[in-house]
Amino acid sequence: MSNNTVRARLSLSFKGETHELDSVIDLDGCLDASGEAPDFHRLLARAAGIDPYSYLYEVLETHEIAFSDATGVAVRSCRDGRFDWIRFEQERREEQDWQVVRAIAQRMLGARDLDADPDLRAALLAAYRVGKESGLKV
């Protein structure tokens, strides 16, 4: 199971039938090199077995998706039924960098609560990123 998930729900009526789509989406599995947000409508349709070339799918695309029950760093990107993919990507990268920095710092500095000192965290992350951008190996 992914560390970063979000629940997506959508309700619509088509040809007199109500369709309740509800799926937990693995956000880590949606990441690609482009950095673009996944097509959440398509993901919901696929989970519900709806053909993307059907009229039902066209109607589905016109409805807003409600997001909730996020896990991992996605929690900070899910508010009031909306999901902010750009913020999620930033938070995810921040968390990945911090995990690397924390492992190095604990090895070098010993057992400390690195999360308790925001200034130390910021300084370590800044130093790590300078090294990362310059191509230094850690």
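All values reported here derive from a predicted model rather than from experimental measurement.
Closest approach of Cys30 to Ile25, counting heavy atoms only: SG-CG2, 3.8 Å. Contact detail for Ala8 and Leu44: the closest heavy-atom pair is O-CD2, 3.5 Å. Summarising the geometry of Pro118 relative to Ala116, their closest heavy-atom pair is CD-O, 3.3 Å, with the distance given to 0.1 Å.
Under the 4.5 Å side-chain heavy-atom criterion for grouping Ile, Leu, Val, Met, Phe, Trp and Tyr, Tyr53 is not connected to Ile50 through any hydrophobic cluster. Phe88 and Ile86 fall into different hydrophobic clusters, where Ile, Leu, Val, Met, Phe, Trp and Tyr are joined by side-chain heavy atoms under 4.5 Å apart, directly or via other members.
Between the side chain of Asn4 and the backbone N or O of Leu27 there is no donor-acceptor pair closer than 3.5 Å. Here the side chain of His41 pairs a donor or acceptor atom with the backbone of His63 at under 3.5 angstrom. Side chain of Ser13 to main chain of Thr18: no donor-acceptor pair is present (N/O by atom type, distance under 3.5 Å, no hydrogens or angles). When atom types are taken as modelled, the side chain of Thr71 and the backbone of Asn3 share a donor-acceptor pair closer than 3.5 angstrom. Using a distance-only test at 3.5 Å, with no hydrogens or angles considered, a donor-acceptor pair links the side chain of Ser54 to the main chain of Tyr57.
With respect to Glu94 and Arg129, a salt bridge is recorded, a charged nitrogen being found less than 4.0 Å from a carboxylate O. Salt bridge annotation for Glu61-Arg42: absent, with no cationic side-chain nitrogen under 4.0 angstrom from a carboxylate oxygen. Between Arg92 and Glu95 there is no salt bridge, since no side-chain nitrogen of the basic residue lies less than 4.0 Å from a carboxylate oxygen of the acidic one.
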> For Leu31 and Glu89, what are the C-alpha separation, side-chain angles and deciding distance, and is it a side-chain contact (heavy atoms from CB on, under 4.5 Å)?
Replying inline: CA-CA 9 Å; Leu31 298 169; Glu89 279 274 278; 2.9 Å; yes
> Please walk me through it: do Ile65 and Leu21 pass side-chain contact (heavy atoms from CB on, under 4.5 Å)?
Replying inline: CA-CA 9 Å; Ile65 298 172; Leu21 284 68; over 6 Å; no
>> Could you walk me through whether Ser77 and Phe83 satisfy the side-chain contact (heavy atoms from CB on, under 4.5 Å) test, starting with their C-alpha distance in whole Å, then the side-chain angles of each, then the deciding distance to 0.1 Å, before giving a yes or no?
In response: CA-CA 6 Å; Ser77 304; Phe83 187 74; 3.8 Å; yes
> Can you list the steps and then say if Asp69 with Val24 is a side-chain contact (heavy atoms from CB on, under 4.5 Å)?
Replying inline: CA-CA 9 Å; Asp69 305 325; Val24 174; over 6 Å; no
> Would Phe40 and Phe67 satisfy ring pair (Phe, Tyr, Trp, His ring centres under 6.0 Å), going step by step from the backbone distance to the final call?
Replying inline: CA-CA 10 Å; Phe40 287 110; Phe67 294 96; 5.0 Å; yes
> salt bridge (charged side-chain N to carboxylate O under 4.0 Å, His left out) between Arg82 and Glu64: does it pass, once the steps are laid out?
Replying inline: CA-CA 9 Å; Arg82 300 197 184 285; Glu64 192 170 319; 2.7 Å; yes
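Side-chain contact check for Trp85 versus Pro38: some heavy-atom pair is nearer than 4.5 Å. The shortest side-chain heavy-atom distance between Leu12 and Leu56 falls under the 4.5 Å cut-off. Contact check for Ser23 versus Leu43: no side-chain heavy atoms found under the 4.5 Å cut-off. Taking the side chain as every heavy atom from C-beta outward, Phe14 and Tyr55 approach each other to under 4.5 Å. Annotation: side chain of Gln96 is not in contact with side chain of Gln99 (no heavy-atom distance under 4.5 Å). The shortest distance between side-chain heavy atoms of Val73 and Arg76 falls below 4.5 Å.
Within 6.0 Å of the CG atom in Asp51, the count of heavy atoms belonging to other residues, nucleotides or ligands exceeds 12.
Atom-to-atom distance recorded for Arg102:CZ and Arg121:CZ is 7.0 Å, nearest 0.5 angstrom.
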